[in-house]
Novice: 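The following block contains the structure, expressed as structure tokens.
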Amino acid sequence: MLQVRDIWRSYRDKKWFGSASREVLKGVSFEVAPGEAVGLLGASGSGKSTLARIISGIEAPERGEVTLHGLNLMHRRHRRQRISVVFQDYTASINPSMTVFDAIAEPLRLQSVWAREALYEHVAALLARVGLPEALMQRYAAELSGGQAQRVCIARAIANQPDLIILDEAVSSLDVPVQVQILELLEALRESCGLSYLFITHDVMALCFVCQRVLFLDDGRIVESCKVESLPDVRQPYARRLLNAVI
Ligand SMILES: Nc1ncnc2c1ncn2[C@@H]1O[C@H](COP(=O)(O)OP(=O)(O)OP(=O)(O)O)[C@@H](O)[C@H]1O
């Protein structure tokens, strides 16, 4: 379904005299099947968020191609609705001047014209889907707990029935009990909606909860790919070091 082919990306580092180009992604390729949750593990600075920004179209690669169902996602019209992103910083992801209703309704309104009552009911159904009461609809982001705010972000992300959600450290800053609730919600949504996930994290436990497969990103290259159940047998040195450091 999602095909990422030979993605290259570099940034210019400013030096005292002039600047130098530094490659951050060096020919990244992988696939995600329909309904599959794939985890992306890598040390800080390995290029995970850069890859997320490229797949979601926030940023363009210098080389390579991202396709979903064979359609090139570099074209905006192919990207619309199909991919959503949930970031770690849930409070910054919700516009503080918007109510919960407006935040969830925004992607729906961008997609089509809604009668107010139908929109209200749809937003209420999305809130119920992520386990939030209708009573939260008129609250602002600052009036929500971390777990509630991240659920609102997930409701917003699923509003237009995407095929893939990129979760970039989406549970990392939540308390452990709230993390578990969100991970259970993600798993339930994957099963009921047939969603695919690209789950970016430092947290192997969270990854094992949600994902079927793991990719290891080392300095801009995928150096290992395996099924979650094969993690104990991984021998690739970087992947092994990363696993030993976090387990
Ligand atoms: N806009 C930018 N301009 C210059 N360098 C950048 C830019 N964005 C990212 N980088 C650099 O690219 C490298 C990869 O960054 P990226 O955020 O993708 O890593 P990451 O694996 O997500 O790290 P972390 O786990 O710490 O979030 C880092 O060295 C970072 O400093």
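When reading the values below, keep in mind they use all heavy atoms of this one structure, side chains included, and skip hydrogens, waters and symmetry mates. In each ligand, atom 1 is the first atom listed, and ligand 1 is the first ligand listed.
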Novice: side-chain hydrogen bond (donor to acceptor under 3.5 Å, both in side chains) with Thr50: which residues, sequence neighbours excluded?
Specialist: Arg53
Novice: Atom CG of Leu215 and atom CD of Glu31: how far apart are they, to the nearest 0.5 Å?
Specialist: 11.0 Å
Novice: What residues form a side-chain hydrogen bond (donor to acceptor under 3.5 Å, both in side chains) with Asp168, not counting sequence neighbours?
Specialist: Ser49
Novice: Would a 4.5 Å heavy-atom cut-off, applied to side chains only, mark Arg139 and Thr99 as touching?
Specialist: no
Novice: Can a salt bridge be assigned to the pair Glu187 and Arg190 using a cut-off of 4.0 Å between side-chain N and carboxylate O?
Specialist: yes
Novice: Please tabulate, line by line, the atom pairs linking an N/O of ligand 1 to a protein N/O at a distance below 3.5 Å, with the distance in Å to 0.1, or answer 'none'.
Specialist:
| from | atom 1 | to | atom 2 | distance (Å) |
| --- | --- | --- | --- | --- |
| ligand 1 | 8 (N) | Arg53 | NH2 | 3.3 |
| ligand 1 | 18 (O) | Ser49 | N | 3.4 |
| ligand 1 | 18 (O) | Thr50 | N | 2.9 |
| ligand 1 | 18 (O) | Thr50 | OG1 | 2.6 |
| ligand 1 | 19 (O) | Gly47 | N | 3.4 |
| ligand 1 | 21 (O) | Gly45 | N | 3.4 |
| ligand 1 | 21 (O) | Ser46 | N | 3.2 |
| ligand 1 | 21 (O) | Ser46 | OG | 3.4 |
| ligand 1 | 21 (O) | Gly47 | N | 3.0 |
| ligand 1 | 21 (O) | Lys48 | N | 3.0 |
| ligand 1 | 21 (O) | Lys48 | NZ | 2.9 |
| ligand 1 | 22 (O) | Ser49 | N | 2.9 |
| ligand 1 | 22 (O) | Ser49 | OG | 2.9 |
| ligand 1 | 23 (O) | Gly45 | N | 2.9 |
| ligand 1 | 25 (O) | Lys48 | NZ | 2.8 |
| ligand 1 | 25 (O) | His202 | NE2 | 3.3 |
| ligand 1 | 26 (O) | Ser44 | OG | 2.5 |
| ligand 1 | 29 (O) | Arg22 | NH1 | 3.2 |

Novice: Not counting sequence neighbours, list each pair that qualifies as a ring pair (Phe, Tyr, Trp, His ring centres under 6.0 Å) and has a residue in residues 117-138.
Specialist: Trp114-His122
